[in-house]
Amino acid sequence: MNSSVVSFFAEAPPYQMAVAKLTEILGFDSSVLMAFVTFFLASFVVVNVMALVGGLGTYAERKISADLQMRLGPNRVGPFGLLQFLADGVKMILKEDIIPRDADRFLFIIAPLFCLGGVFATLAVLPFSSGFTLTHLNIGVFYLLGVSSLVGVGIFLGGFSSNSKWSMLGGMRGASQIISYEVPVTLSIITIVILSGSLAFDKVIGIQGGLPHQWFFLHNPFTLISFFVFFISALAETNRAPFDLPEAESELVSGYHTEYTGMRFAFFALAEYIEVFVVCGVAVALYLGGYQVPFHLSELHFLHDTLGVPMAPARMLGQILEIGSFVTKTIALYYVVIWIRWTLPRLRVDQLMTLCWKYLTPISLFNLVGAAFWMWAFKGESVWTLLANLTNSVGGGH
Amino acid sequence: MFDNFIFLSSAALAIGGALSVVVSTNLMHSCIYLLMSLIGVSGLYVTLSADFLAATQLVVYVGGVVILMLFAIMLTAGSDNKTVNRFGIVKIPPMGNLKTYIMSLLTAGVMGCSVLKMIMNINQTTKLGELPPYSTTVEQIGTLLVTDHVLAFEISSVLLLGALVGAAVIARPRLENEVTK
């Protein structure tokens with residue numbers, strides 16, 4: 001069985017005591033029930049925290065854009081305007097929920113749910129830490145690619161069902177863009193899969209280390225290029241500027257969600273912001289060392305044996321350090337995404353397709369072959385290991 | 001309990017989706033029901049511990065085939081949303097003539113016989129089957145693809161290359177003198 005958040009908790013004595021107690025009270029083996037409840041609670045916490053992250057993402061977007069344009073940004077609700085997203089949420093709920101008369105009601109209602117559902121499904125494998133990941137699927141990367149394509153369906157349906165020309169154009173652009181940019185994203189991910197030899201996030205992260213020279217980002221020249229290809233394509237897949245053609249305000253009013261109001265619109269926006277976080281998290285997991293903490297600070301034997309922290313707090317402390325490492329890197333990338341959005345102008349449709357098919361796809365194919373060559377020639381050692389070996393042998397270290 | 005829960009919900013999704021595809025009068029809605037049915041089938045693969053197959057089902061069908069179908073339907077159907085019979089399906093309630101009925105009866109007979117043949121074995125063995133313990137299938141599939149089934153693998157890549165060349169030929173911009181010829 002795959003390890004998961006349940007198997008992390010199942011090692012702790014209180015969990016086993018709770019299972020024994022429940023079995024005594026209910027009269028049947030309650031380990032499955034307990035696993036079910038733990039999974040439910042963990043999913044509940046993750047989804048809610050990520051919804052909060054999405055909400056804070058809208059705040060960060062407005063605040064950073066204000067910084068870049070020498071404005072103040074939201075500063076009325078709460079300290080530094082931090083509660084602005086809650087006020088927006090309340091406003092969204094109170095808005096009238098309008099469904100256009102000629103819209104396809106069924107598809108109109110279901111489209112935002114596809115977007116949100118696809119994004120939330122990816123959270124199941126997002127590696128927050130070695131213990132608190134919902135599940136360590138051994139096909140984690142592949143699963144993530146599969147469920148995230150639901151977002152494309154949602155955007156397309158949102159555009160089609162609104163029965164408006166602007167929405168329709170936005171939806172078509174969104175679907176074609178997402179399908180096209182899946183190719184370079186997948187090819188760059190395969191580059192990492194070749195080097196790590198696994199599709200599971202925990203194995204990919206386990207091979208990397210806590211310090212930058214141990215990350216896949218700086219492993220060899222091909223992964224360095226592959227990181228940038230992945231990041232650019234991921235921007236396009238999440239419809240972020242400079243690739244936000246599906247919702248280009250200057251041409252399409254608001255693109256695929258022109259006709260949406262209230263919470264339905266908020267679902268689209270929330271899905272976008274959470275997806276950006278997920279994509280940044282995937283980039284961190286694959287290229288930037290994931291949840292690895294430098295100098296093995298989070299490892300149990302260091303905290304427990306060397307520092308003498310008791311067992312239960314040591315486990316928790318290690319996990320918290322790992323979450324901190326992961327979230328810090330992810331938020332740094334999130335900042336870059338917003339920074340790019342408010343710096344670069346939007347591309348044209350033909351430029352978008354040219355970039356994907358004439359530049360990024362060939363580059364990522366070249367990367368794939370290069371990474372395979374690296375595996376064959378240097379047995380998958382990183383540049384730094386090779387350099388160290390070289391200097392050792394030149395310096396006469398027999 | 002957990003496996004049963006997953007099995008029942010995905011089986012319900014698969015069968016309910018498939019039924020809705022047939023019953024629905026709107027082609028676009030049918031496509032979405034088909035999507036649900038395919039997700040249900042992927043869930044069934046998970047219960048059979050074919051994890052790679054389940055993810056492939058999602059990547060290929062949800063990400064590719066269904067979006068392609070939606071595009072095709074959107075580009076071929078009219079945008080008039082008020083009439084129910086815009087696809088000409090509801091216009092003729094029985095949907096066919098004597099020839100099609102005979103064909104459908106024959107098809108139903110053949111399919112019913114094959115399903116019966118599969119189900120017949122259930123009565124012969126009363127012992128409940130045990131699924132093998134869960135193990136990952138990615139490595140096994142990868143090894144098999146490049147050893148035992150390398151010919152099929154290569155042939156399928158030739159097929160894909162053919163499709164790619166065909167698409168390029170169809171989509172390439174025509175030159176001036178070609179059009180006049």
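The model shown is predicted, which means the values in this text are computed figures rather than measured ones. Protein chains get the first letters and strands the later ones, always in sequence-line order, with residue 1 at the start of each.
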Point to revise | Heavy-atom proximity to chain A below 4.5 Å, by part of B:Leu68 | key: neither
Review point. So which part of A:Ile110 gets closer than 4.5 Å to some heavy atom of chain B, the side chain, the backbone, both or neither?
Key: side chain
Exercise for review: Supply the atom-to-atom distance B:Phe52 CZ to A:Asn138 CG, rounded to the nearest 0.5 angstrom.
Suggested key: 11.0 Å
Point to revise | Worked check of side chain to side chain contact (heavy atoms under 4.5 Å, CB included) between B:Val59 and A:Phe142 | key: CA-CA 8 Å; B:Val59 170; A:Phe142 199 51; 4.1 Å; yes
Revision key, fill the gap. So, the part of A:Leu150 with a heavy atom under 4.5 Å from chain B: the answer is both
Point to revise | Separation of B:Ile67 CD1 from A:Glu182 CD (nearest 0.5 Å) | key: 7.5 Å
Review point. Non-hydrogen atoms of chain A under 4.5 Å away: do they reach the side chain of B:Ser42, the backbone, both or neither?
Key: neither
Review point. Checking B:Ile32 against chain A: side chain, backbone, both or neither under 4.5 Å from a heavy atom?
Key: side chain
Practice item. Count the heavy atoms of every other residue, nucleotide or ligand shown that sit under 6.0 Å from CZ of A:Phe366, and state whether that count exceeds 12. Key: no
Practice item. Assess the pair B:Tyr33 and A:Phe106: is the distance between their ring centroids shorter than 6.0 Å? Key: yes
Exercise for review: Below 4.5 Å from any heavy atom of chain B, which atoms of A:Leu157 appear? Answer side chain, backbone, both or neither.
Suggested key: side chain
Check your understanding: Nearest heavy-atom pair of A:Ser149 and B:Val62: which atoms, and what distance?
Key -> OG-CG1, 4.0 Å
Study note, to complete from the structure: Taking every heavy atom of B:Ala55 against every heavy atom of A:Ile139, the minimum-distance pair comes out as CB-CD1, 3.6 Å
Practice item. Nearest 0.5 Å please: distance from the NE2 atom of B:His29 over to the CG atom of A:Asp104. Key: 3.0 Å
Check your understanding: CG of A:Leu145 to CG of B:Leu58: how many Å apart, nearest 0.5 Å?
Key -> 11.0 Å
Study note, to complete from the structure: When the 4.5 angstrom heavy-atom criterion is applied to B:Met36 and chain A, the contacting part is side chain
Study note, to complete from the structure: Applying a strict 4.5 Å limit to non-hydrogen atoms, the region of B:Phe71 in contact with chain A is both
Check your understanding: CE of A:Met375: more than 12 outside heavy atoms within 6.0 angstrom?
Key -> yes
